[in-house]
Amino acid sequence: MESSITFDKEAELAYLYTLPSSVQYKVKSTDELEVNEYLELDIDEDGRIVGIEFFGPITSKLSKIVGSKKIYRENEEKFSFRLTEEEIKSKFNYNGIDFCFSDDDFQEFVGFDVVDVKNYNEEFLRIITE
């Protein structure tokens with residue numbers, strides 16, 4: 001299994017694959033998360049976020065976990081990715097994923113929760129779960 005998180009030192013950006021490498025998809029569009037300019041989302045033909053490109057200050061946190069293959073923890077009826085265990089003060093939902101932040105201005109990215117598990121296929125998500 002390939003890494004779920006990569007980092008390009010020259011470009012100073014990190015990329016997180018939200019689905020395992022075994023899932024076939026075609027990127028239809030790339031959208032900026034409207035509340036945070038440092039996150040760009042690759043969306044497939046089914047409307048799923050298949051990858052997240054990180055720029056700016058967030059990349060230093062992600063660079064420390066490059067190479068990770070298991071990125072999710074399963075809790076209740078969702079799958080969660082966390083960079084830190086900071087308290088979540090705000091969330092922004094986009095295509096079945098809650099993006100979590102430790103501030104009210106959506107700048108301090110903490111992680112995300114896949115809340116629309118059916119759209120993202122629970123079986124696929126389990127492949128990259130601790």
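Side chains included, hydrogens not; waters and symmetry mates left out as well; all remaining heavy atoms used.
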CD (E12) with more than 12 external heavy atoms under 6.0 Å: no
Plane angle bin for Y15 and Y17 - parallel if under 30°, tilted between 30 and 60°, otherwise perpendicular: perpendicular
Output field: ring centroids F109/F54 closer than 6.0 Å: yes
Check: R73 main-chain N/O paired with T129 side-chain donor or acceptor under 3.5 Å: no
S3 side chain vs K69 backbone, donor-acceptor pair below 3.5 Å: no
Nearest heavy-atom neighbours spanning G111 and R82: C-NH1, 4.0 Å
Candidate pair I52 and L33, rule side-chain contact (heavy atoms from CB on, under 4.5 Å), full reasoning: CA-CA 10 Å; I52 305 169; L33 188 67; over 6 Å; no
Atom pair CG/CD of L16 and E53 - distance to nearest 0.5 Å: 11.5 Å
Inter-residue atom distance S63.OG - L13.CG, 0.5 Å rounding: 11.5 Å
Shortest non-hydrogen separation from A14 to F7 and the atoms involved: CB-CD1, 4.0 Å
D98 to K91 - nearest heavy-atom pair and separation: OD2-CD, 4.0 Å
Spatial distance of atom CG (D103) from atom CD (E86) [nearest 0.5 Å]: 9.0 Å
Rounded distance (nearest 0.5 Å) linking atom CD of E74 with atom OG of S80: 9.5 Å
Point-to-point distance, once rounded to the nearest 0.5 Å, from CZ of F81 to CD1 of I128: 10.5 Å
Any donor-acceptor N/O pair, Y120 side chain to I49 backbone, under 3.5 Å: yes
Q107 side chain reached by P57 side chain, heavy atoms, under 4.5 Å: no
CA sep, side-chain torsions, deciding dist, call: V23, V50, side-chain contact (heavy atoms from CB on, under 4.5 Å): CA-CA 9 Å; V23 176; V50 295; over 6 Å; no
F92 ring center near F99 ring center (under 6.0 Å): no
Within-4.5 Å side-chain heavy-atom neighbours: N93 and D116: no
Side-chain heavy-atom pair Y94, I43 within 4.5 angstrom cut-off: yes
Heavy-atom check, side chain of N95 versus side chain of R48, under 4.5 Å: no
Step-by-step side-chain contact (heavy atoms from CB on, under 4.5 Å) determination, F55 to E37: CA-CA 8 Å; F55 303 92; E37 65 186 10; over 6 Å; no
Any donor-acceptor N/O pair, D31 side chain to L41 backbone, under 3.5 Å: no
Gap between atom OG1 of T59 and atom NZ of K64 - 0.5 Å precision: 10.5 Å
Over 12 non-hydrogen atoms of neighbours within 6.0 angstrom of NZ in K61: yes
hydrophobic_cluster_shared for I88 and F112, side chain cutoff 4.5 Å: no
Expected output: side-chain D42 to main-chain G51 donor-acceptor under 3.5 Å: no
Donor-acceptor contact present, side-chain K70 to main-chain I127, <3.5 Å: yes
Side-chain (T84) to main-chain (V110) donor-acceptor, under 3.5 angstrom: no
Flag, side chain of D113 to backbone of V115, donor-acceptor distance under 3.5 Å: no
Y72 (side chain) donor-acceptor with T18 (main chain) under 3.5 angstrom: yes
Student check: side-chain heavy atoms of K89 and D104 closer than 4.5 Å: yes
